[in-house]
Structure formats: C-alpha cells, structure tokens
Q: 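The structure under discussion is supplied below as structure tokens; questions concerning it will follow.
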Protein chains: 2
Amino acid sequence: MESAGQPVANGELRVVQHSAARTRVLDAALALFAERGVSGTSLQMIADAVGITKAAVYHQFRTKEQIVLAVTERELGRLGPALEEAEAHGDGSQARDALLVHVIDMAVRDRRLVRTLQFDPVVVRLLAEHEPFQRFMDRLYRVLLREGEDGALEGAMLSGAISSGVMHPLVGDIDDDTLRTKLTNMTRRLLGLPVKPVAGTG
Amino acid sequence: MESAGQPVANGELRVVQHSAARTRVLDAALALFAERGVSGTSLQMIADAVGITKAAVYHQFRTKEQIVLAVTERELGRLGPALEEAEAHGDGSQARDALLVHVIDMAVRDRRLVRTLQFDPVVVRLLAEHEPFQRFMDRLYRVLLREGEDGALEGAMLSGAISSGVMHPLVGDIDDDTLRTKLTNMTRRLLGLPVKPVAGTG
DNA sequence: GTCTATATTATGATAGAC
DNA sequence: GTCTATCATAATATAGAC
C-alpha cells in the first residue's frame with residue numbers, strides 16, 4: 001500500500017482507504033484548510049489539532065503538498081460513483097440532472113470544503129498541474145456542461161452559484177434541507193429548465 | 001497624511017490617494033494575492049516584484065495586514081460612487097439594476113481581483129472583523145438583494161455566479177465585451193428579470 | 001505510531017545609515 | 001525612499017529513540 005504516499009497516479013483518481021492515523025490527519029487538515037486556507041495552515045496547526053507532534057504527521061505524509069493532494073483526491077473522489085453512473089446513462093439531460101442534484105447534495109452537506117476545493121489557490125494550482133485531476137474535472141464538465149457556445153460560461157456561473165450558495169455568510173443560517181431545495185430550483189432557473197421537486201434516488 | 005497608515009477608520013471606507021511608492025507596493029501585492037493568495041504571499045515576494053527590499057516596503061506599511069487592508073479598501077472603494085448613486089435613486093429595481101451592471105463591469109474588467117476580494121480567507125476575515133467593511137457590504141447588499149425570504153440565497157448565488165463567471169478557467173478565453181454581455185443576461189435570468197440589452201450610463 | 005531533538009530556511013519586523 | 005544588517009520566531013523537514 002505504499003502507493004498511498006505517492007503523488008496522484010497517472011491514470012485515474014485513486015480511491016485510497018487511509019489508515020485511522022492518516023484519516024485523522026486529513027480530517028484535521030481539511031477543517032483547517034477550509035478555515036484558514038492551505039497556505040495559512042502549518043503542519044504545526046494540523047499536528048496540534050490531531051493532538052500529536054509534527055514528526056508524527058510527517059510519518060504519515062512526506063510533505064505538506066502530499067497532505068493537500070490526499071485531501072483533494074479524497075474529497076473529489078467522493079463524486080466518482082455519481083459521475084460514473086451519469087456517464088453510463090449517456091449524455092442526455094437526465095444524466096446531467098441527476099449528477100447536478102448529487103453535486104448540490106454534496107456541496108450542501110459539506111459546505112466548508114467547497115471554499116477549499118473550488119477557490120484555494122494552492123488547490124487550484126494542484127488541480128491544474130496534475131493530470132488525473134484535470135481528467136476528472138473534464139469528465140465532470142463533459143456531463144454537466146450543455147452544448148452550445150454559452151456552455152462554458154453557464155458552467156462557470158453554475159459552479160460559482162452553487163459554491164457561493166452554500167458558503168456565503170448570507171446563507172449561514174439556512175438549514176440543509178431548505179438550502180438543497182432552493183439551490184436546486186434556482187439552479188434550474190439559471191439553466192432555463194422547468195422547476196420541479198427534487199427527485200429521489202429511487 | 002499619517003492616516004493612510006492607520007487601520008480603516010471607524011466611519012466610512014476612506015478614499016486615500018496613495019503615494020507613487022505605496023501604489024507600486026499595493027499593485028504588486030494585489031497581483032500576488034490574486035495568484036497565490038494572501039497567506040501564500042510574503043513581503044519578500046512583494047518587495048521583489050516592486051524591485052525594492054523588504055525594509056522599503058515596511059517604510060510604506062507598518063505590517064503585512066496593513067497592506068491587505070489598504071488593498072481591500074482601495075479596490076472595494078471603487079464601488080463607492082456607484083453605490084452612492086444607487087442609494088440616491090431610492091430602493092427601486094432600477095437602482096439595483098444599475099448597480100448590478102456596475103458590479104459586473106468591474107468584475108469583468110479586473111477579473112483577477114475577484115478571487116482575492118471574495119474568497120481569500122484572510123480578506124474574508126478582515127471584511128468580517130472591520131466595521132467599515134461590514135457597513136459597506138451591508139449597504140451593497142441592501143441595494144442588491146431583493147425583498148422576500150429567498151433574497152439572501154439569491155444574493156449569495158448571484159455573487160458567486162458573477163465571481164466564478166469571470167474567474168473560472170472555463171471562461172479564461174472569453175473577451176471582456178462578450179463576457180460582460182452574457183454575464184448580464186444570465187444574471188437577469190437567475191433573477192427572473194426580462195433579458196434586455198446592457199444599458200449605457202448616459 | 002509517536003516522541004524529542006535538531007537542521008535549515010523563510011518569515012514578519014526593526015534599527016540605523018545614506 | 002531606499003538600503004544593509006540584524007533579530008526572533010515559525011516554517012518545512014529529517015534523524016533516531018521508544
């Protein structure tokens with residue numbers, strides 16, 4: 001299992017089952033990254049949050065960048081199954097819609113990680129530099145973006161609207177269920193789709 | 001002119017005319033903040049970008065936080081006149097619309113600063129902690145947000161859609177004029193407003 | 001898996017000369 | 001307004017014991 005310590009493989013996003021110790025580090029790191037940004041978070045802070053020393057953290061991850069990489073891969077990877085399902089259903093509007101609901105669901109449930117994954121400069125650079133991330137994002141956009149000249153802009157605005165819709169100070173006191181419903185409706189409005197109740201998975 | 005080195009005054013956002021040397025520092029800092037984030041930018045990097053030493057930077061600003069403060073105040077302050085004009089025209093939809101056009105215009109023209117002002121953790125903290133910023137944002141939202149229970153969410157999504165619409169990798173190759181027009185149209189669609197041509201200022 | 005201890009470099013910040 | 005020189009601290013990272 002030494003591959004878990006390596007950079008992201010050249011192929012797909014790996015789904016790694018981390019050890020309990022590694023998981024504790026990643027959880028603490030993610031929380032700190034969301035609050036203070038990746039560059040604003042030191043290994044000392046992560047170690048303190050876990051309740052261990054820096055050296056123990058370095059035993060789990062060779063560099064800070066490896067931690068960022070692992071966090072990003074783990075969280076982004078959670079969209080993998082939904083993406084594969086959508087791809088299996090062809091490129092119709094139904095597949096796109098189902099994936100969109102899933103993305104909104106994940107964004108609402110884990111609001112704090114949105115800022116890190118979408119906007120942190122360090123993560124953005126990682127996503128741009130590592131091929132597996134690029135490929136994964138390409139696949140995501142291929143399903144989510146609509147055909148036509150405005151597809152890219154639409155997708156960009158959509159992703160920002162959802163992100164900001166879950167993390168903006170203005171929406172801090174809206175409960176998850178309400179937020180999910182309203183986000184979905186407004187997303188449909190932005191896309192010019194008919195507004196309908198949120199579909200269940202069954 | 002010693003007030004320029006002080007924290008933001010308790011009253012309004014100050015409009016400070018910085019010296020040439022200070023302006024060079026602020027310009028370099030803003031560019032670096034946009035690229036690497038505030039925490040990822042050191043005073044050494046800023047000094048190198050300007051072509052001076054750290055000590056010379058410290059002659060202009062007492063701390064790094066003062067630089068962040070000055071950059072934020074300067075850029076946010078550019079919206080001041082448009083905001084005041086909108087407030088003078090009452091709280092009708094016409095005033096909101098005019099301000100919205102202005103905000104989009106500024107976002108498109110200076111795409112790189114959007115990430116810093118809207119999403120950088122350090123700037124977000126500053127905005128939340130300093131009263132003048134809070135007051136300014138309150139005024140902005142009072143004009144931009146619509147009445148009703150969904151006003152806050154609408155505003156949050158709107159701000160994210162515009163931000164992401166100008167800074168997302170997907171839109172990097174769209175020219176300013178095209179982007180401004182399409183952003184305005186999609187913004188109207190999100191708000192459920194009739195889509196019309198962008199109005200001039202005269 | 002965790003610790004103590006340490007090396008190295010970078011960081012924010014200051015003093016004082018020109 | 002800028003420089004050289006310096007300081008104290010914090011950063012990333014490693015070695016080796018338990």
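No hydrogens, no waters, no symmetry mates; every other heavy atom, side chains included, goes into these values.
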Q: When we call it a touch if two heavy atoms are under 4.0 Å apart, what does B:S42 touch: a base, just sugar-phosphate, or nothing?
A: sugar-phosphate
Q: On DNA chain C, check which nucleotide each of B:Y58 and A:A20 is closest to and give me the residue with the more 5' one.
A: A:A20
Q: Could you check whether atom CD of A:E147 has more than 12 heavy atoms from other residues, nucleotides or ligands sitting under 6.0 Å from it?
A: no
Q: Would you say CZ of B:R36 has more than 12 non-hydrogen atoms from neighbouring residues, nucleotides or ligands within 6.0 angstrom?
A: no
Q: Could you give the CD1-to-C1' distance, from A:I46 to D:dT12, as a whole number of Å?
A: 12 Å
Q: Is the count of non-hydrogen atoms from other residues, nucleotides or ligands lying under 6.0 Å from B:Q94 atom CD greater than 12?
A: no
Q: Kindly write out the residues that satisfy salt bridge (Lys or Arg N to Asp or Glu O under 4.0 Å) with A:D91, not counting sequence neighbours, or none if the list is empty.
A: none
Q: Rounded to whole Å, how long is the line connecting atom CD1 of A:I67 with atom C1' of D:dT12?
A: 11 Å
Q: Under the 6.0 Å and 45° cation-pi test, does A:R22 pair with A:F61?
A: yes
Q: What are the 5'-most and 3'-most nucleotides of DNA chain C lying under 4.0 Å from any heavy atom of chain A?
A: C:dG1 to C:dT4
Q: Measure the distance from CD on A:Q66 to C1' on D:dA13 and round it to the nearest whole Å.
A: 13 Å
Q: Flag the pair B:D176 and B:R180 as a salt bridge only when some basic side-chain nitrogen lies within less than 4.0 angstrom of an acidic carboxylate oxygen.
A: no
Q: I need the NZ-P distance between B:K54 and D:dT9, as an integer number of Å.
A: 15 Å
Q: What's B:A21 touching, base or sugar-phosphate or nothing? Going by heavy atoms closer than 4.0 Å.
A: sugar-phosphate
Q: Considering every strand and a 4.0 Å limit on heavy-atom distances, what is the contact class for B:T41: base, sugar-phosphate, or nothing?
A: sugar-phosphate
